[in-house]
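Report on the structure given below.
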2 protein chains.
Amino acid sequence: MAPNGTDANTRTSAAAPDAASKERLRMWLRMLKSTRRVEAALRERLRRDFGTTLPRFDVMAALARYDDGLKMSALSGVLRVSNGNVTGIVDRLAEEGLVVRVQVPGDRRASLVRLTRKGQEVFARQAAAHEAWISELLEDFTPEEARIFSDRFDAVTHRNEEEDPE
Amino acid sequence: MAPNGTDANTRTSAAAPDAASKERLRMWLRMLKSTRRVEAALRERLRRDFGTTLPRFDVMAALARYDDGLKMSALSGVLRVSNGNVTGIVDRLAEEGLVVRVQVPGDRRASLVRLTRKGQEVFARQAAAHEAWISELLEDFTPEEARIFSDRFDAVTHRNEEEDPE
DNA sequence: ATCGTATATTTCAAGCTCAAACCTTTTTTG
DNA sequence: CAAAAAAGGTTTGAGCTTGAAATATACGAT
């Protein structure tokens, strides 16, 4: 697996020990730029077409996958953002009647956050548009290639795994 | 834009006209998760080892590539963030003596932002650590694979290109 | 010269983000 | 049981981010 020097023509490993890191850095910068570009497009369209934001959408998308709701801590875990962060977003979504906090019977500390019916309806429309946008923005990738990339990204994600409820 | 009636719950109904979009959506979610994970690691390490932030580092990295400095508008263009945003970050970097605003001779509106010598030295250390971190975080990618990915990401970036000073 | 438009940047309000401090409730432990 | 530790959430302070409005300068055509 590791390129152990004795390869046929490894100019890269012999001549430059940091050629690999340079190449990975280059990849990272491109990946970051691509991600930012897609995110910017999504942000703009969510605002334009639905008057919402990407973080709001992310929270609703997470909740949409759990009919029974998610605890605040689980929500921040899934989204990989701080829990103090989620508090504010859920507050605003709750003000608009898109989500509700439900008291957990046995535990007076915790509460489950759930989409309201209105929240489900609103999110369904946003999600459909979102999927179409992504497909358009990434149309240079064939489905086959997309699958390959998905799998390779999992390597990054599962690398130094601590906890991951997925 | 308008809810066209037939969009409420289009679960996997048709054969596979949307298989491609599903696959791309899957790829996007993985890509986003990977990016966020790397960014979170970078953010934490920049804070721990250098007491700085990712946006600050991004600004300094951009300036480090232009010895003659960059105008605020060019800076925000390179970083793809709003220009109001850059103002605040540059303000704080300037307070710490890491960058300076230099008046442009012929134009009293514009100013060039440049790294100070201190800024160059500080950034050099951060950049070395940064490159090593990236290589570690992406070590599952061989240099060859990294190169392939870089090229493919360029496709996304150069898709609907408006302006890009790079 | 002056009007109008375009350019360069800052300011502003609202919202997102984090880490750390804090409060409350639950669980563990002496 | 009571004290201590852990868990669930919110609050707080600082910084980041955006889009829109404001400011100031530059330039082009009268």
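Here is the naming used below: chain letters follow the sequence lines, and residue numbers restart at 1 for every chain.
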Applying salt bridge (Lys or Arg N to Asp or Glu O under 4.0 Å), name anything that partners [X], two or more places apart in sequence or on another chain.
| X | result |
| --- | --- |
| B:D49 | none |
| A:R114 | none |
| A:E44 | none |
| A:E121 | none |

Residues forming a side-chain contact (heavy atoms from CB on, under 4.5 Å) with [X], sequence neighbours excluded:
| X | result |
| --- | --- |
| A:R36 | A:L32, B:E39, B:D58 |
| B:S73 | B:K71 |
| B:A94 | B:V99 |

Any residue of residues 81-92 of chain B with a heavy atom less than 4.0 Å from an atom of DNA chain C: B:N83, B:G84, B:T87
Within residues 101-109 of chain A, residues whose heavy atoms come under 4.0 Å of DNA chain C: A:G106, A:D107, A:R108, A:R109
Given atom [atom1] of [X] and atom [atom2] of [N], what is their separation to the nearest angstrom?
| X | N | atom1 | atom2 | answer |
| --- | --- | --- | --- | --- |
| A:K71 | C:dT25 | NZ | P | 16 Å |
| B:E39 | C:dT17 | CD | P | 11 Å |
| B:L70 | C:dA8 | CG | C1' | 14 Å |
| B:R43 | C:dA20 | CZ | P | 14 Å |
| A:L46 | C:dG15 | CG | P | 16 Å |

Sugar-phosphate only, base, or nothing, as touched by B:R56 at under 4.0 Å among non-hydrogen atoms: sugar-phosphate
Where chain A begins and ends its contact with DNA chain D, read 5' to 3' at 4.0 Å from heavy atoms: D:dA7 to D:dA20
Residue pairs involving residues 76-129 of chain A (criterion ring-ring contact (aromatic ring centres under 6.0 Å, His included); sequence neighbours excluded): A:F57-A:F123
Over 12 foreign heavy atoms within 6.0 Å of CZ, B:R117: no
Comparing B:P55 and A:R47 on DNA chain D - which has the more 5′ nearest nucleotide: B:P55
Salt bridge A:E96-A:K118, side-chain N to carboxylate O under 4.0 Å: no
Please tabulate, one pair per line, all N/O donor-acceptor pairs under 3.5 Å involving side-chain atoms of residues 125-134 of chain B, not counting sequence neighbours.
residue, atom, partner, partner atom, Å
B:E131, OE1, A:K22, NZ, 3.1
B:E131, OE2, A:S21, OG, 2.6
B:E131, OE2, A:K22, NZ, 3.0

